There are 2 protein chains.
Amino acid sequence: MDIEKPWGEGDVGKYIGINLRQFRVNKGISIDVLAKQIGVSKLTVLNIERGEANPTLSVIWKIANGLKIPITALLSIESDVSISRKKDGMKLISSNDVFVAEPLFRSHGLIELYRGYLQPRGEYLSEAHQLGVMEFVTVMSGQLTVEVDGEAHHLDDYDSIRFKGDRPHKYANPSSSLTMLHFVISYNNL
Amino acid sequence: MDIEKPWGEGDVGKYIGINLRQFRVNKGISIDVLAKQIGVSKLTVLNIERGEANPTLSVIWKIANGLKIPITALLSIESDVSISRKKDGMKLISSNDVFVAEPLFRSHGLIELYRGYLQPRGEYLSEAHQLGVMEFVTVMSGQLTVEVDGEAHHLDDYDSIRFKGDRPHKYANPSSSLTMLHFVISYNNL
DNA sequence: TGAATTGGTATATTAAATTTTACTTTTTTC
DNA sequence: GAAAAAAGTAAAATTTAATATACCAATTCA
């Protein structure tokens, strides 16, 4: 009795299954126990774990809630270890771009990391990002002024700021030396 | 004709509704158009937006897919702007802890940011975190050696590393000066 | 003002998720 | 190797998500 999979390549159903099983086995409890614990039928859990199901939001919530994990933790995939090194002797000094951001990691479209360089006295205006984006900026060295919602915030080295990225915001380097930044863009937030 | 809400306080259904409407209105398209575009009935979209629905995973996927947003972006909430400053003249030097991590931001349990200090010649062994955790470490200043899965990786300043946090890993500062680190812990990944 | 669009309501129908029960097979454990 | 627990199968019953259609009120717009 094959089941129609309404979704395309992504196969969310398959992943939620893999993830759920991983979490459950990790906790060392059986399907039956989990099912009773969270108040759904054993068969439902079984089918979900096998990727042969199309669970309702309420069921998904019950599972996430019962396992005490964020609901979103059931819906993704990811890989292993990777390193991103600062390209030594980069075109930093050569570049006449005021602002440069080089991508470090991209994690399944949910989170992105960048390394940023802002020239002395440089300014950069960022358009509003997609709705639901949260931005985390950390000053690795130098100084930074962030202007968002009409307010300016000054940061020294090792300071961090967080703000909703779905509005225009401006970065400025008020100092006379290069500012090195660290960006985290998170797409999960609303 | 009131509808039973199977979930508790969390009210995921309400949030997915708010979020969906936000995305849709933001795109400037009507319910009917969206519905046809993604291949679900108008009434379904309407009910979801009003929080009076219990959509199936396939429908949730269709919506996220149709709007070209990560499926998880439909299921959360978040707030505004906040800054975390390095406490000047901290107990860094005074502290005889080899490793100190101070929390910067916590974003709805999905992502956490830390600032870390690792003393010269210091070593710190981190237990395996919860399953599905991805860790991003950036060297803001100094040097760092990360050992994960039996392999050691050496990082200089401004280098970054990413690895699955669900296994034990060791941080070491091979240099004779303080190492300043930046941690991102992401819980969405698997 | 009048037509068209949009959000929302009402109802009946269809498709399918979830439950229940019982039974089989595999794996674990003593 | 027998007992017990866990995973998986089968089928029928129940519940409910999703669709389809028509209709209403408010808003937009030409």
Side-chain angles (χ1 to χ4, degrees), chain A residues 1-8 10-67 71 74-75 131, chain B residues 1-8 10-67 71 74-75 131:
Chain A
M1 191 188 298
D2 269 18
I3 284 160
E4 275 301 319
K5 291 169 190 172
W7 39 70
D11 260 68
V12 211
K14 206 159 65 184
Y15 291 131
I16 195 180
I18 295 171
N19 296 345
L20 170 52
R21 175 150 298 189
Q22 224 170 344
F23 278 112
R24 179 180 60 80
V25 172
N26 189 250
K27 280 207 167 192
I29 57 179
S30 73
I31 293 182
D32 299 75
V33 171
L34 175 64
K36 269 162 198 154
Q37 204 173 84
I38 65 183
V40 301
S41 83
K42 159 191 168 181
L43 195 56
T44 300
V45 174
L46 181 64
N47 283 331
I48 293 176
E49 283 200 357
R50 311 212 354 229
E52 296 176 352
N54 181 15
T56 355
L57 181 56
S58 64
V59 169
I60 297 175
W61 183 84
K62 281 182 192 169
I63 293 174
N65 194 53
L67 289 171
I71 210 173
L74 285 172
L75 305 165
L131 236 169
Chain B
M1 192 188 296
D2 269 19
I3 285 158
E4 274 301 319
K5 293 169 188 171
W7 38 71
D11 261 66
V12 210
K14 208 158 65 186
Y15 291 130
I16 195 180
I18 296 171
N19 296 345
L20 170 52
R21 176 150 298 188
Q22 221 170 346
F23 279 111
R24 179 180 61 80
V25 172
N26 189 249
K27 281 208 165 187
I29 56 179
S30 72
I31 293 182
D32 298 72
V33 172
L34 176 65
K36 268 160 199 154
Q37 203 172 84
I38 64 183
V40 302
S41 81
K42 159 192 169 182
L43 195 56
T44 300
V45 175
L46 182 64
N47 284 331
I48 293 176
E49 282 200 357
R50 312 215 346 231
E52 296 176 351
N54 182 14
T56 354
L57 180 56
S58 65
V59 169
I60 297 174
W61 183 84
K62 280 182 192 166
I63 293 174
N65 194 53
L67 290 171
I71 209 173
L74 285 172
L75 306 164
L131 236 168

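Source: prediction; values computed, not measured. Only this structure's heavy atoms are used, side chains among them; waters, hydrogens and symmetry mates stay out. Every chain is numbered from 1, with letters handed out A, B, ... down the list of sequences.
Taking CG from A:Leu43 and CD1 from A:Ile48, the interatomic distance works out to 10.0 Å, rounded to the nearest 0.5 Å. One distance of note links NZ of B:Lys42 with CG of B:Asp32; it measures 4.5 Å at 0.5 Å rounding.
Taking atom CD1 of residue A:Ile29 and atom C1' of nucleotide C:dT28, one finds them 18 Å apart after rounding to whole Å. A straight line from CG of B:Asp32 to P of C:dA4 spans 16 Å, rounded to a whole angstrom. In this entry the distance linking CD1 of B:Ile31 with C1' of D:dT19 reads 16 Å, nearest Å. Taking atom CD on A:Glu52 and atom C1' on C:dA16, their separation rounds to 15 Å, with Å as the unit. Atom CD1 in B:Ile48 sits about 16 Å away from atom C1' in C:dG8, given to the nearest Å. Here C:dA17 presents its P atom at 13 Å from CD1 of A:Ile16, a figure rounded to the nearest Å. Here C:dA16 presents its P atom at 15 Å from CG of B:Leu57, a figure rounded to the nearest Å. Between the C1' atom of C:dG8 and the CD atom of B:Glu49 lies a distance of 12 Å, rounded to the nearest Å.
Across C:dG7, C:dT19, C:dT9, the shortest atom-to-atom separation from the side chain of B:Leu43 is found for C:dT9. For A:Leu46, counting side-chain heavy atoms from C-beta on, the closest listed nucleotide (D:dT9, C:dG7, C:dG8) is D:dT9. For A:Asn54, whose side chain is taken as the heavy atoms from C-beta onward, the closest listed nucleotide among C:dA17, C:dG8, D:dG8 is C:dA17. Side-chain atoms of A:Ser41 lie closest to C:dT19 of the nucleotides D:dG8, D:dT19, C:dT19.
The residue among B:Arg50 and B:Val33 whose nearest nucleotide of DNA chain C lies closer to the 5′ end is B:Val33.
The side-chain heavy atoms of A:Val45 and A:Arg21, taken from C-beta on, include no pair separated by under 4.5 Å.
Between B:Arg21 and C:dT6 there is no side-chain N or O to OP1 or OP2 distance below 4.0 Å. In this model, the phosphate group of D:dT19 is approached by a side-chain N or O of B:Thr44 to a distance below 4.0 Å at OP1 or OP2.
Side-chain N or O atoms of A:Asn47 include none that pairs as donor or acceptor with a backbone N or O of A:Ala53 at under 3.5 Å. Proximity of a side-chain donor or acceptor of A:Arg24 to a complementary backbone N or O of A:Ile29 within less than 3.5 Å is detected.
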